[in-house]
There are 2 protein chains.
Amino acid sequence: MAIAWEGNAYDPECPTRVVLDRIGDKWTVLIIEVLDAGPRRFNEIRLAIGGITPKVLTSTLRSLAADGLIVREAFGEVPPRVEYRLTDLGRSLLEPVAALRQWAERNVAEIEGNRNSAEAVATR
Amino acid sequence: MAIAWEGNAYDPECPTRVVLDRIGDKWTVLIIEVLDAGPRRFNEIRLAIGGITPKVLTSTLRSLAADGLIVREAFGEVPPRVEYRLTDLGRSLLEPVAALRQWAERNVAEIEGNRNSAEAVATR
DNA sequence: CCGCATCCGAAAGGATACTG
DNA sequence: CAGTATCCTTTCGGATGCGG
């Protein structure tokens, strides 16, 4: 059980924390957005994203499946064929992500500008 | 300049990526939520959160200030007094975060359940 | 084709002690 | 009070090569 703090404390079981850990990694959001267009095979996902190694793609897909955000379906064929598709849960996650994206697109320029100014000050 | 991919690719400069990197760390969301209640001093933030070390709090506050999400105000007093407060930009970030929190609170039970089932299968 | 095994480097975060 | 300075552990992700 999580420790009961009085106020606002770090808690790895806090729902918001769990979700941030889930979508805060490098590839999760990209993957579910690829799968939003429909079921995709392993190498289709890999090529659609670009830059992800098979190992990392495998582990990310496994954890997404473990969380019930996607399902993995392996067809008993030779050569193997494996498809991944979003669950309803996974698809519903795209809504708050879209809200985040909207905020990001509206405000990232200001953040980047601030960052550059701060860097200029730091190196002055 | 960011590389121009055809479709959906990893891009460290993608606005959504920038924001996920910003709020995906361990302490940022907790800090801005503490500051949403009003300006706070360094140790007030530290004690309100609990478990964060001075070093990590310092570096997180610095980067938040560099991004323009908070402002740092040092009063020339002895002993020192330093206050941190949200900017409008920082406060506006709480809106998409709230959307994420709502989704999290509604769905984290299902995710945790799926995780436990998956683990049970893995260790069976 | 779809992975797994192994090794590795970088970076985030933490423990502890100290300072202006 | 508000940080710094070191040192350290853990974790994420990447590179490469092999296997069913």
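Heavy atoms only: backbone and side chains are in, while hydrogens, waters and symmetry mates are out. Quick note on labels: first sequence line is chain A, next is B, and so on, each numbered from 1.
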Over how many whole Å does the gap from [X] atom [atom1] to [N] atom [atom2] extend?
X       : N      : atom1 : atom2 : result
B/Lys26 : D/dT9  : NZ    : C1'   : 12 Å
A/Leu57 : D/dT16 : CG    : C1'   : 17 Å
A/Leu47 : C/dC2  : CG    : P     : 10 Å
A/Arg41 : C/dG3  : CZ    : C1'   : 13 Å
B/Arg81 : D/dA2  : CZ    : C1'   : 13 Å
A/Arg40 : C/dC1  : CZ    : P     : 17 Å
A/Ile52 : D/dA15 : CD1   : P     : 12 Å
B/Arg17 : D/dG13 : CZ    : P     : 9 Å

- How many angstroms lie between CD in B/Gln102 and CZ in B/Arg106, if you round to the nearest 0.5 Å? 5.0 Å
Distance-only criterion, 3.5 Å: show the donor-acceptor pairs between side-chain atoms of residues 48-61 of chain B and protein atoms not counting sequence neighbours.
| unit_1 | atom_1 | unit_2 | atom_2 | d |
| --- | --- | --- | --- | --- |
| B/Thr53 | OG1 | B/Val56 | N | 3.4 |
| B/Thr58 | OG1 | B/Pro54 | O | 2.8 |
| B/Ser59 | OG | B/Val56 | O | 3.0 |
| B/Thr60 | OG1 | B/Val56 | O | 2.8 |

The side chain of [X] is closest to which nucleotide in this list: [options]?
X       : options               : answer
A/Pro54 : C/dC4, D/dG13, D/dG3  : C/dC4
B/Trp27 : C/dG13, D/dT4, D/dA2  : C/dG13
A/Thr53 : C/dG13, C/dG3, D/dG14 : D/dG14

- Message: Taking only side-chain N and O atoms of A/Tyr84, does any of them lie within less than 4.0 angstrom of OP1 or OP2 on C/dG3?
- Response: yes
- Phosphate OP1/OP2 of C/dC1: any A/Asn43 side-chain N/O under 4.0 Å: no
- Just do the side chain to side chain contact (heavy atoms under 4.5 Å, CB included) check on A/Thr28 and A/Arg22 with the steps written out, would you? CA-CA 7 Å; A/Thr28 287; A/Arg22 172 70 272 180; 3.0 Å; yes
- Message: Which residue in the set B/Val29, B/Val18, B/Leu69 passes side-chain contact (heavy atoms from CB on, under 4.5 Å) when paired with B/Ile23?
- Response: B/Val29
- Message: Show, in sequence, the C-alpha distance, side-chain angles and deciding distance for B/Tyr84 and B/Ile32, and conclude whether the side chain to side chain contact (heavy atoms under 4.5 Å, CB included) test is met.
- Response: CA-CA 10 Å; B/Tyr84 297 88; B/Ile32 64 177; over 6 Å; no
- Note on the structure: By nearest-nucleotide position on DNA chain C, the 5'-leaning member of A/Arg62 and A/Pro80 is A/Pro80
- Item | Residue mapping more 5' on DNA chain C - nearest nucleotide basis, A/Lys55 or B/Val56 | A/Lys55
- On DNA chain D, check which nucleotide each of B/Glu44 and A/Thr60 is closest to and give me the residue with the more 5' one. B/Glu44
- Could you give me the CA-CA distance, side-chain angles and deciding distance for B/Asp36 and B/Arg91, then say whether side chain to side chain contact (heavy atoms under 4.5 Å, CB included) is met? CA-CA 7 Å; B/Asp36 189 40; B/Arg91 207 180 324 276; 3.8 Å; yes
- Message: Over the length of the helix from C/dC1-D/dG20 to C/dG20-D/dC1, how much do the five-pair end axes diverge, rounded to 10 degrees?
- Response: 50°
- Stepwise, does the side chain to side chain contact (heavy atoms under 4.5 Å, CB included) test hold for B/Arg72 with B/Arg62? CA-CA 8 Å; B/Arg72 174 185 188 273; B/Arg62 288 253 194 281; 3.5 Å; yes
- Message: Once you apply a heavy-atom cut-off of 4.0 Å, does A/Phe75 come out as touching a base, just sugar-phosphate, or nothing?
- Response: nothing
